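Presented below is the structure to which this report refers.
Note that the coordinates shown come from a computational prediction; the quantities given were computed from them, not determined experimentally. Chain letters run A, B, ... following the sequence lines, proteins first and then strands; every chain starts at 1.
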Amino acid sequence: MAAALFFGPPGRQLYGYHHVPRGAPTSAVLLCPPWGREYQYAHRTLSVLAGRLQARGVHVLRFDYSGTGDSWGDSTQGDFQSWVDDLEHAVQELRLASGLPLVDLVGLRLGGYLAARASGRIPNIRTLVLWDPVTHGGVWIEEMGAPEAFASGLVELGDLLVTEEFVEEVRSLRPEHMEEAHAHETICLITQEDHDYPDPPTLPGSRTDHLPQPAPWREDASIWSGKVPPDAVKRIVEWLT
Amino acid sequence: MADVKETVQTFGPSRRLVGILTRPAEPEPRTDGLAMVILNAGIIHRTGPNRLHVRLARSIATGGTPTFRIDLPGIGDSGTLGSGGSAVEEAMAGIGAALDELERLGVASRFLVFGLCSGADLSFMAATVDPRISGIVLIDPNRIFATWKSRLIQVVRPAMRPTVWFRAMTGRYGLLRRLSQRLRPESAADAVESAGDGPAPAAGPSEGEIHDQVQAALQAFMDRGVQILYIITRHYRSEYVYRRQFHDAFPDIDLGDQVEVEIMPTAHHTFTRASSRELLQATVTRWVEATWAPAGRDNAGSTS
């Protein structure tokens, strides 16, 4: 069973898709997506991961940050603080829908960075999984391609229109920002050994797992989408169930 | 966003399909029962490539026409229908269910269907079987129909490059031989060419049969008053080479002003650049407003 819904504050509705398990629930997981085309390519992987967790008795909520996906706003209205706020709303929604106070967070790419920051503000986060998190904004911008000036002070970054302020915010993204992360357990899953990122952040009480896999956020040109990395999905399901 | 209201709709058998209904907040929704349904582009979920469909849906709805962005069965957040049919059959059932849902909600009773790539093919197919569909937007459908003129241009255009002239004059390749080969009719229908890189598949209907089927469908569309916006990007720059190629490929049908063709030579197939997305949004919005102005204004679509 599943429910597609809008939630969040009036005028800033966020899209969510709640995977409801059969029988007594075992736990609740919030999936925090990447941004831009990385999200477009990874959408299927997150859907598959949610389905596997649901089959193990887990309430799962997938959602879109404001200005992304089906949520309100457009790409010029996004910033990290708003998205951390959105993540908090999503945790509230998941707790209400599941009736479970403890929540796990799984963040992919920028979602990992945002989940780490949000976990420091949200009590009762059980497990925090940071999946190939974006940790250095400059490197991420290089991956997306150099920002190009558009009209009206806007900039095209990773095929989306954003503000110059947003580009500066991305550029200043550092692993130290994630040190406010707080959860009973924190696991960093690294599946891309060949990327240019420096070492993942060392968070208090965290461990890092390396598992080479296809990158779900990169495009497979034959399908305009990313490949689902089966072992990474399986590993995360094992951790959380 | 202040100009539109968006709601999540589940629909279809067991309500397994998901769509976002975008309705105008101001001005009042149109009263002539028209809405646009936006299909998936390939397997990209209903937001479209780089959120193309979201912005388009909000733009169209702001102008007064409700839009419904849907995930077809097995794509995005929609489950399969479990019909046991092919993916195309499931998709067609999904489109029909979306139209049923909008009718049930009292949102619309006649429809425009928008599709990019495989979505364009499905839009065309749906319009052949569902008389509620009054207009279709086809962007880069998977088959381009050639004409003698397009073949000539395909040969002459590259031949205008100085390097080609140099090679031709120095005898480094047989320009006239290539020209005669390209202009030779491939079939009695003399009009069909696969858009793919490889040869036509051995199985299935012949190119001529496909042309005849499409021609019959187009004739039925013209008789029903179906309006078509046909958009070609740079993806087909070597196959679709002049504006009226679509009209010329079907010389036995008077397509009149029911088919509007727009060539967007700088746009990528998935509209990666913001400028190309804005161009597409402006083009489709203008077409909807000009062709489908609500009753009381002069327009072609509302009288059909």
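Under a 4.0 Å N-O distance rule, the pair A:Asp70/B:Arg69 qualifies as a salt bridge.
The shortest distance between side-chain heavy atoms of B:Ile20 and A:Phe6 falls below 4.5 Å. Looking at A:Tyr39 and B:Thr47, their side chains never come closer than 4.5 Å, going by heavy atoms from C-beta outward. Under the 4.5 Å side-chain criterion, counting only non-hydrogen atoms from C-beta, B:Arg55 is in contact with A:Asp74.
Enclosure of atom CZ in A:Arg37 by more than 12 non-hydrogen atoms of other residues, nucleotides or ligands within 6.0 angstrom is indicated.
Using a 4.5 Å cut-off between non-hydrogen atoms, the part of residues 263-281 of chain B that approaches chain A consists of B:His269, B:Thr270, B:Thr272, B:Arg273, B:Ala274, B:Ser275, B:Arg277, B:Glu278.
The OG atom of A:Ser71 sits 7.5 Å away from atom CZ of B:Arg51, with the distance rounded to the nearest 0.5 Å.
The candidate from A:Ala2, A:Gly67, A:Ala50, A:Ala151 with the greatest count of non-hydrogen atom pairs under 4.5 Å with chain B is A:Gly67. Of the residues considered (B:Ile44, B:Val54, B:Thr10), B:Ile44 shows the highest number of contacts with chain A, using heavy-atom pairs under 4.5 Å. Among A:Ser75, A:Gly11, A:Gly69, the residue making the largest number of heavy-atom pairs under 4.5 Å with chain B is A:Gly69.
Nearest heavy-atom pair, A:Ser47 versus B:Gly76, reported as atom, atom and distance to 0.1 Å: OG-O, 4.2 Å. The minimum heavy-atom distance linking B:Ile43 with A:Ser225 is given by the pair CD1-CB, 3.8 Å.
Although no hydrogens or angles enter the test, the distance criterion places a donor-acceptor pair under 3.5 Å between the side chain of A:Gln13 and the main chain of B:Glu6. Judged purely by atom type and a 3.5 angstrom limit, A:Arg44 has no side-chain atom pairing as donor or acceptor with the backbone of B:His45.
Contact annotation for A:Leu5: only backbone heavy atoms (N, CA, C, O) come within less than 4.5 Å of a heavy atom of chain B. Of the atoms belonging to A:Tyr41, not a single heavy atom falls under 4.5 Å from chain B. For B:Ala41, the parts lying under 4.5 angstrom from a heavy atom of chain A are both the backbone and the side chain.
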Practice task
Apply salt bridge (charged side-chain N to carboxylate O under 4.0 Å, His left out) to B:Asp77 and A:Arg62, showing your working.
Solution key: CA-CA 10 Å; B:Asp77 292 336; A:Arg62 293 186 282 118; 2.7 Å; yes
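B:Arg46 forms no cation-pi arrangement with A:Tyr17, by the criterion of a distance under 6.0 Å to the ring centre and an angle within 45° of the ring axis.
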